[in-house]
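To keep things clear, I will list the structure first and then write my remarks on it.
Order of appearance sets the numbers: ligands from 1, and atoms from 1 within every ligand. Note that the structure is predicted; figures quoted are calculated from it, not measured.
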Amino acid sequence: MSDQTFLSWPFFEDRHRALAETVERWSAANLPANHGDVDAACRDLVARLGRHGLLAPTAPDPSVPSPLDVRSLCLIRETLARYDGLADFAFAMQGLGAGPISLFGNAEQRSWLKLTRSGEAIAAFALSERKSGSDVANIAMTATRDGDDYILDGEKTWISNGGIADIYVVFARTGEGPGAKGLSAFLVPADLSGFAIAERIEVIAPHPLARIKFERARVPASAMIGAPGEGFKIAMATLDIFRATVGAAALGFARRALDETITRVRTREMFGGPLADLQMVQAAIAEMALDVDAAALLVYRAAWTKDNGAARVTREAAMAKLYATDRAQDVIDKAVQLHGGDGVRRGHIVERLYREIRALRIYEGASEVQKVVIARQTLSGA
Ligand code: COS
C-alpha cells in the first residue's frame with residue numbers, strides 16, 4: 001500500500017478520506033484493465049466507474065450549475081493513476097468533457113450529465129487545433145450564425161476520446177470580438193450530420209485520440225454553452241480545475257514508481273547487500289520521496305483553494321500541473337534507472353509509467369504555457 005499519510009493533511013475532510021478508501025478498494029479489485037483494445041477498454045472502464053458511482057464527482061449535480069469538488073477529482077485521479085493510466089484517462093476525460101456543461105450548461109444541456117456521470121455516455125473536450133494548441137485565442141474553426149442555427153466548419157486535433165465519445169464540447173470562432181473575445185462553446189452530439197472522425201492518432205501510451213472535422217455541420221443556437229463570445233473563459237475556467245487534476249495523475253504515477261523502486265532496492269542484492277544500502281541509491285530515493293510530497297502539497301493546495309471558494313486558481317493550478325508533471329517524469333526516470341534492464345523491458349510497470357507520464361507535460365497546457373501563466377499572474381500581483 002502506498003503512503004497514505006497525506007490524507008491527514010488539513011486540506012481534506014472525512015468525506016475525502018472515505019472516498020479515497022472507496023477508490024483504493026475498487027482499484028485494487030478491478031485494475032489494471034486489459035489494454036488490448038483501448039477503445040473497448042475505455043468504454044468498459046467508463047461504464048464500470050459509472051456503475052460504481054465513481055464518476056459522480058465529474059458532474060456533482062446534473063440539475064443546476066454546481067462547483068466541482070476538486071479534491072475529490074484529484075484523489076480519484078491520483079489513485080486510479082497509481083493502478084492504471086488508462087483508468088485515470090477514462091475518468092479524467094469524462095470529467096474534462098462534461099466540465100463545461102457541469103459548470104455553465106443550461107437545463108437542456110445538463111440532461112447529458114445524468115448519462116456522463118452514470119457512465120452511459122462518453123464525453124470529449126475539443127479545443128486544440130493544428131495551429132492553436134497552446135494559443136487558444138488563435139482558434140480557426142468557425143461557427144456561423146444562420147437563422148436559429150450555427151454552422152460549424154473546421155478541424156480539431158489531439159481530441160481525447162475522439163472516436164468513442166457520444167458528445168463533444170467544441171470551441172469555435174463566432175466573431176463577437178478579436179482573438180479570445182470571439183470564441184464560443186457548443187455541445188455537439190457525435191451523430192451530428194457533417195461531423196466525422198478524420199484520423200485516429202496513435203501515441204506512446206495508447207488511448208483513444210483523434211482528429212475530428214466539421215463540414216457545414218448545423219447545430220441549433222441552443223447548443224451553445226454559456227453566452228456568445230464566452231468560449232475562451234469557459235475553456236480556461238474548466239482548465240483551471242482540470243490542470244490541478246493532471247498534477248494529481250502525475251502524482252499517482254510518481255507514487256507508483258516510488259513504491260516499485262522501494263521494493264526493488266530493498267530486495268535486489270548488489271555488491272554484497274541490498275541496493276538500498278548504497279548511498280547513491282539512497283540519494284535517489286530521497287529525491288523521489290521529496291518530489292512526491294512537494295507535488296502533493298502543490299496539487300492539494302490548488303484543489304483546496306478552489307474548493308474553498310476562490311474565483312480563480314489559475315496560478316495555483318498552473319504551479320501544481322507544472323511541478324507535479326515535471327517532477328513525476330524525473331521520479332519515473334530514476335525508477336527506470338534503479339530497475340536496470342527490467343526497467344526498459346516492455347510491459348514492466350516502470351516502463352509503462354515512463355511512457356504514460358510523458359503526455360502529461362504537454363496536454364492541458366504544456367509546461368511552457370504553465371510558466372507563462374505563473375509569470376503573468378505573479379507579475380500582475382494576482
Ligand atoms: N479563467 C477565467 N478567465 C480567464 C482565464 C482563466 N483561467 N485566463 C484568462 N482569462 C480571461 C482573461 O482575464 C482575459 O479576459 P479580459 O479580456 O476580460 O481581461 C481573457 O480571458 C483573455 O486572456 P489572456 O489575455 O490571458 O489570453 P491569452 O491569449 O494571452 O492566453 C494562454 C494565453 C497561453 C494563457 C492561454 O491561451 C492558454 O492557457 N493556453 C493553453 C491552452 C491549453 O491548455 N491547451 C491544451 C488544450 S486542452 S487538452
Side-chain angles (χ1 to χ4, degrees), residues 67-68 70 77 88-89 91-100 103-104 123-141 155-162 165 168-174 176-185 201 203 205 207-212 225-247 249-250 302 305-306 309-322 325 358-382:
L68 299 170
V70 191
R77 285 202 70 174
D88 165 60
F89 168 86
F91 173 83
M93 294 309 142
Q94 197 72 351
L96 186 64
L103 295 170
F104 302 100
F125 184 82
L127 181 67
S128 293
E129 297 179 4
R130 194 72 222 157
K131 292 185 180 161
S132 54
S134 292
D135 185 4
V136 175
N138 191 35
I139 278 179
M141 177 169 164
E155 287 198 351
K156 296 279 167 188
T157 192
W158 309 113
I159 306 307
S160 292
N161 278 346
Y168 294 79
V169 172
V170 180
F171 296 85
R173 182 158 303 286
T174 37
E176 292 74 16
K181 295 189 191 319
L183 303 176
S184 301
I201 303 169
V203 282
H207 59 262
L209 192 67
R211 179 163 60 88
I212 62 178
I225 299 173
E230 282 186 356
F232 186 89
K233 289 185 184 179
I234 291 174
M236 290 302 139
T238 307
L239 287 170
D240 275 356
I241 289 173
F242 283 91
R243 278 179 183 157
T245 79
V246 179
T305 305
K306 183 68 188 166
R312 275 180 65 170
V313 286
T314 308
R315 175 171 147 274
E316 292 87 345
M319 284 184 172
K321 182 186 187 274
L322 173 65
T325 57
R358 192 60 188 87
L360 276 62
R361 290 171 55 211
I362 297 171
Y363 75 58
E364 288 181 44
S367 293
E368 293 74 9
V369 166
Q370 309 308 333
K371 286 181 188 166
V372 169
V373 169
I374 295 165
R376 280 187 187 180
Q377 295 277 312
T378 306
L379 290 167
S380 73

ask   = Which part of F232 is near ligand 1, with near meaning a heavy atom under 4.0 Å away: side chain, backbone, both or neither?
value = side chain
remark   = Going by the 4.0 angstrom heavy-atom rule, the piece of V373 near ligand 1 is side chain
request  = Return yes when at least one protein heavy atom is under 4.0 Å from atom 19 (O) of ligand 1, and no when none is.
outcome  = no
ask   = Heavy atoms of the protein only: does one fall short of 4.0 Å from atom 46 (C) of ligand 1?
value = yes
remark   = Nearest non-hydrogen protein atom to atom 26 (O) of ligand 1, with distance, is R376 NH1, 2.9 Å
message = As a check for students: among K371, R312, K181, E368, identify the option with a heavy atom nearest to atom 1 (N) of ligand 1.
response = R312
query = Are any side-chain N or O atoms of Q377 and backbone N or O atoms of T314, one a donor and one an acceptor, separated by less than 3.5 Å?
reply = no
key: Donor-acceptor under 3.5 Å (K156 side chain, L127 main chain)   = yes
message = Less than 3.5 Å apart, any donor N or O on the side chain of R77 or T245 sitting next to an acceptor on the other?
response = yes
task = Examine S134 against ligand 1 and note whether any of their N/O atoms are separated by less than 3.5 Å.
result = yes
query = Do V372 and ligand 1 have an N or O pair less than 3.5 Å apart?
reply = no
inquiry  = Only heavy atoms of V136, strictly under 4.0 Å: list the atoms of ligand 1 that pass.
reply    = 37 (O), 40 (N), 42 (C)
